[in-house]
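Notes follow once the structure below has been shown.
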Protein chains: 2
Amino acid sequence: MKRRTIKDIAKESGFSLSTVSLVLNNHPRISQATRDRVMAVVKKYNFYPNSAARGLASKSSKTLSVVVPNLTRVFSDIYLGEIISGIYERATSQGYKILLDIATSQFIKTQEYSKLLASRRADGMLFIASDIHADYLSVFEDSPYKFLLVNHVFPGKKLNYVSVDYAASARLAAEHLLGLGHRKIGLIAGTNTFTGLQFRDEFLRVCKTWPAGAAKVAWVDGGEEWSQRGGYAAAAKLVAQMPDLTAIMAANDRMALGAMRWMADNRRAVPEQVSVMGVDDIQLAAFVNPGLSTIRHDLYQVGIESCNRILQLIKGEITECSDLLPTSLVVRGSTGRA
Amino acid sequence: MKRRTIKDIAKESGFSLSTVSLVLNNHPRISQATRDRVMAVVKKYNFYPNSAARGLASKSSKTLSVVVPNLTRVFSDIYLGEIISGIYERATSQGYKILLDIATSQFIKTQEYSKLLASRRADGMLFIASDIHADYLSVFEDSPYKFLLVNHVFPGKKLNYVSVDYAASARLAAEHLLGLGHRKIGLIAGTNTFTGLQFRDEFLRVCKTWPAGAAKVAWVDGGEEWSQRGGYAAAAKLVAQMPDLTAIMAANDRMALGAMRWMADNRRAVPEQVSVMGVDDIQLAAFVNPGLSTIRHDLYQVGIESCNRILQLIKGEITECSDLLPTSLVVRGSTGRA
DNA sequence: ATCATTCGGTAAACCGCTCGACATGGCAAG
DNA sequence: CTTGCCATGTCGAGCGGTTTACCGAATGAT
């Protein structure tokens with residue numbers, strides 16, 4: 001079976017090559033009658049234009065590169081899942097395909113991130129994998145390449161981003177706990193991303209300057225992967241460090257759940273003895289007992305919005321982007337009065 | 001900043017266009033001296049050849065399409081995660097990129113699966129999303145397109161596949177339980193895939209024909225998504241249906257964990273009163289208490305092998321493929337004598 | 001009836017790279 | 001000193017589309 005080309009369709013339908021092309025691209029120049037006759041042949045042969053040829057001539061691959069972090073269990077991360085689903089949904093509806101990549105050391109070392117864009121394999125890149133060491137991203141400052149950080153920021157670098165507002169989340173969380181009267185708080189932070197640092201710093205700041213009386217905060221790092229396991233270990237450390245703490249704040253729900261688990265394993269009642277609070281509002285947060293109080297981050301929306309923005313950057317409708325999406329407080333059973 | 005082409009590199013390095021091309025493709029025809037001089041210019045401009053042009057001329061996109069099922073939480077499925085990781089690892093090492101797609105109704109209706117291959121956007125397709133209703137896959141029987149089912153089979157259709165051997169798993173599981181003396185068994189099956197049906201049928205067959213005495217098996221469907229929640233509900237149904245059952249076999253670990261949870265919630269000791277067994281050996285299986293006995297499925301390996309095979313199909317090294325990977329019994333605390 | 005528009009379609013110049021056929025120069029063998 | 005061969009480069013014909021400028025016919029205004 002020979003591969004058909006637009007030329008074959010032209011011959012068979014009796015029109016010129018250009019006409020077929022215009023039909024396939026829904027150009028208004030062509031009459032309905034012609035359109036129908038051409039499409040009949042297209043359908044008959046189940047013809048689809050060669051995308052490489054198309055990409056070459058039109059200088060667009062209609063493809064988006066999505067780079068995810070190199071976690072041990074990347075694809076089983078609910079957090080990432082939400083974002084990717086949002087991106088996929090939007091991209092597909094706009095006729096774009098998704099090229100998936102993992103930010104392995106190999107990926108970084110070979111500068112695949114540049115290569116993908118320079119070779120025009122992708123029209124733009126959505127990068128969900130940034131951390132504070134991702135200095136190589138400087139390539140994308142003032143470059144002609146369409147690049148966007150997803151749910152990350154990079155202070156000091158001119159990089160586009162769409163992220164939830166981690167500082168705002170920190171404020172909401174701090175205000176909630178402080179409002180409940182907590183003055184001895186343990187914080188499980190994530191320190192390998194700038195958003196994580198922003199959260200920590202803002203949380204500390206608010207606690208320190210609370211009008212009704214500053215709170216004492218002890219903080220520890222929850223580990224590179226922000227995992228439940230890391231949260232569990234961190235909770236132990238915090239309690240050792242500040243035995244009379246009345247609340248634990250974790251920078252994401254998974255670590256908060258790990259902390260709750262530690263409390264259960266060590267016979268501390270939540271929230272009676274210790275309030276526990278997370279960030280993200282993953283599904284599980286509502287299903288544990290007691291329900292986890294948290295700051296809702298609509299990651300699916302982050303995906304949608306990121307995709308919208310990168311498409312606008314590609315089309316040239318905007319030239320830069322720094323969106324911070326709002327977050328909201330979700331109070332469940334895991335937090336109570338100090 | 002103008003986009004550079006191979007022609008610019010040729011001019012600047014003083015060699016012909018073809019020479020540059022040959023250098024970039026590591027053709028042995030070129031001497032080391034020339035190679036070095038050309039590469040110097042390539043590095044200088046950070047040049048990467050246009051992949052559309054390359055694809056057009058070479059008739060290969062160096063891209064693999066990976067289609068995943070349209071589950072509500074696709075990307076947070078550990079099961080899929082393992083497979084995708086395996087595929088990614090292999091594909092990348094061979095210079096192939098991954099184009100990700102979700103088998104939404106839209107994807108099916110618009111025949112994207114054909115379009116991707118017909119338009120040469122991808123050189124081959126790895127399909128992880130098959131179910132018993134995927135009749136449209138017939139397009140790929142005897143077609144020139146490179147297509148492979150991953151951890152799925154389709155009896156009656158000539159489709160390539162790489163899957164673990166579900167029938168063998170069923171045998172191992174049945175033999176384990178029967179060997180422990182169980183004669184009243186509840187089975188939580190997955191009936192929306194052929195591999196699921198194979199597992200169920202083989203399990204039933206072995207139980208019915210066990211030399212030391214047939215076992216009675218009651219089975220129910222665990223739901224479309226093979227989820228923990230589905231397993232929980234299924235366990236309830238089974239116990240209602242066969243109150244004296246001494247073992248529950250689930251077609252995957254998630255459903256088994258759901259069943260264990262039901263047992264805990266309803267005060268039945270595992271394994272003293274009811275043995276529970278799963279399939280897959282997901283990480284969590286080792287961490288619950290008691291540990292879940294299961295049949296180990298190396299899904300990462302399935303990913304690796306699938307990718308190997310599709311690449312062989314693409315290169316024409318093989319023309320068809322029907323691999324069944326071995327599985328093994330993993331005994332932990334959740335199963336005991338009847 | 002004449003001329004300017006509009007409408008619908010076409011010719012042809014690319015887009016940037018691959019690869020088989022062909023050219024060239026140097027050297028060993030006859 | 002030819003002839004024959006390697007070893008290395010180069011030519012140029014595609015690959016399969018997109019898109020702009022151009023063109024003839026039909027329509028409408030004067």
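These figures come from a predicted structure and were not determined experimentally. The sequence lines fix the lettering, A, B, ..., with proteins before strands; numbering per chain opens at 1.
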| Would A/Lys146 and A/Asp123 pass as an ion pair if we require N to O under 4.0 Å? | no
| Does NZ or CZ of A/Arg4 fall inside the cone over A/Tyr45's six-membered ring, less than 6.0 Å from its centre and within 45° of the axis? | yes
| task | Give, ordered by number, those residues of residues 38-51 of chain A having at least one heavy-atom distance below 4.0 Å to an atom of DNA chain D; if nothing qualifies, reply none. | result | A/Phe47, A/Pro49, A/Asn50
| said: Between A/Arg35 and A/Ile30 (side chain of the first, backbone of the second, donor and acceptor by atom type, cut-off under 3.5 Å), is there such a pair? | reply: yes
| query | Below 4.0 angstrom from OP1 or OP2 of D/dT10, is there any side-chain N or O of B/Thr19? | reply | yes
| query | Roughly how far apart are A/Lys97 NZ and A/Lys62 NZ, rounded to 0.5 Å? | reply | 12.0 Å
| remark: Rounded to whole Å, CD of A/Gln32 lies from P of C/dC7 at a distance of 16 Å
| request: May I ask you to check whether B/Thr193 and B/Asp131 show a side-chain donor-acceptor distance below 3.5 Å? | output: no
| Quick one: on DNA chain D, does B/Lys59 or B/Arg35 contact a more 5' nucleotide (nearest heavy atom)? | B/Arg35
| request: Given ring-ring contact (aromatic ring centres under 6.0 Å, His included), test A/Phe194 with A/Phe154 step by step and report yes or no. | output: CA-CA 6 Å; A/Phe194 283 113; A/Phe154 217 125; 4.8 Å; yes
| query | Donor-acceptor pair, B/Thr92 side chain versus B/Glu89 backbone, under 3.5 Å? | reply | no
| field | Side-chain donor/acceptor contact of A/Ser18 with base of C/dA11 under 3.5 Å | value | yes
| message | Whether A/Lys44 and A/Glu12 form a salt bridge (side-chain N of Lys/Arg under 4.0 Å from carboxylate O of Asp/Glu) is what I want to check. | response | yes
| request: Have a look at the helix from C/dA1-D/dT30 to C/dG30-D/dC1 and give the angle its two end axes make, five pairs each, rounded to 10 degrees. | output: 40°
| request: Would you please indicate if the ring centroids of A/Tyr136 and A/Tyr113 are separated by under 6.0 Å? | output: yes
| query | What nucleotide among D/dT19, C/dC19, D/dG9 has an atom nearest to a side-chain atom of A/Leu22? | reply | D/dT19
| remark: Result for 5'-nearest mapping on DNA chain D, choosing between B/Arg29 and A/Ala57, is B/Arg29
| Euclidean distance, atom NE2 of residue B/His27 to atom P of D/dG9 [Å, nearest integer] | 12 Å
| query | How long is the line joining CZ of A/Arg4 and C1' of D/dG17, in whole Å? | reply | 17 Å
| task | Write down the distance between CD1 (A/Ile9) and C1' (D/dG16), rounded to a whole number of angstrom. | result | 12 Å
| Which part of the nucleic acid, if any, lies within contact of A/Leu17, taking any heavy atom under 4.0 Å across all strands shown: a base, the sugar-phosphate backbone alone, or nothing? | base
| query | How long is the line joining CG of A/Asn25 and C1' of D/dT20, in whole Å? | reply | 14 Å
| message | Mind checking if B/Thr5 touches a base, just sugar-phosphate, or nothing, with heavy atoms under 4.0 Å? | response | sugar-phosphate
| Between B/Ile6 (CD1) and C/dC15 (P), how many Å, whole number? | 15 Å
| Distance-only donor-acceptor test, B/Ser21 side-chain atoms vs C/dC17 base atoms, 3.5 Å | no
| side-chain contact (heavy atoms from CB on, under 4.5 Å) partner of A/Leu64, the single match among A/Leu99, A/Ile310, A/Leu100 | A/Ile310
| A/Lys11 has an atom NZ; how far is it from atom C1' of D/dG16, in whole Å? | 13 Å
| With sugar-phosphate meaning primed atoms plus P, OP1 and OP2, does B/Ser31 contact a base, only sugar-phosphate, or nothing at under 4.0 Å between heavy atoms? | sugar-phosphate
| query | Tell me: CZ of A/Arg3 to C1' of D/dG16, nearest whole Å? | reply | 12 Å
| message | Nearest to the side chain of B/Ala53, heavy atoms from C-beta on, is which of D/dC11, C/dG9, C/dC17? | response | C/dC17
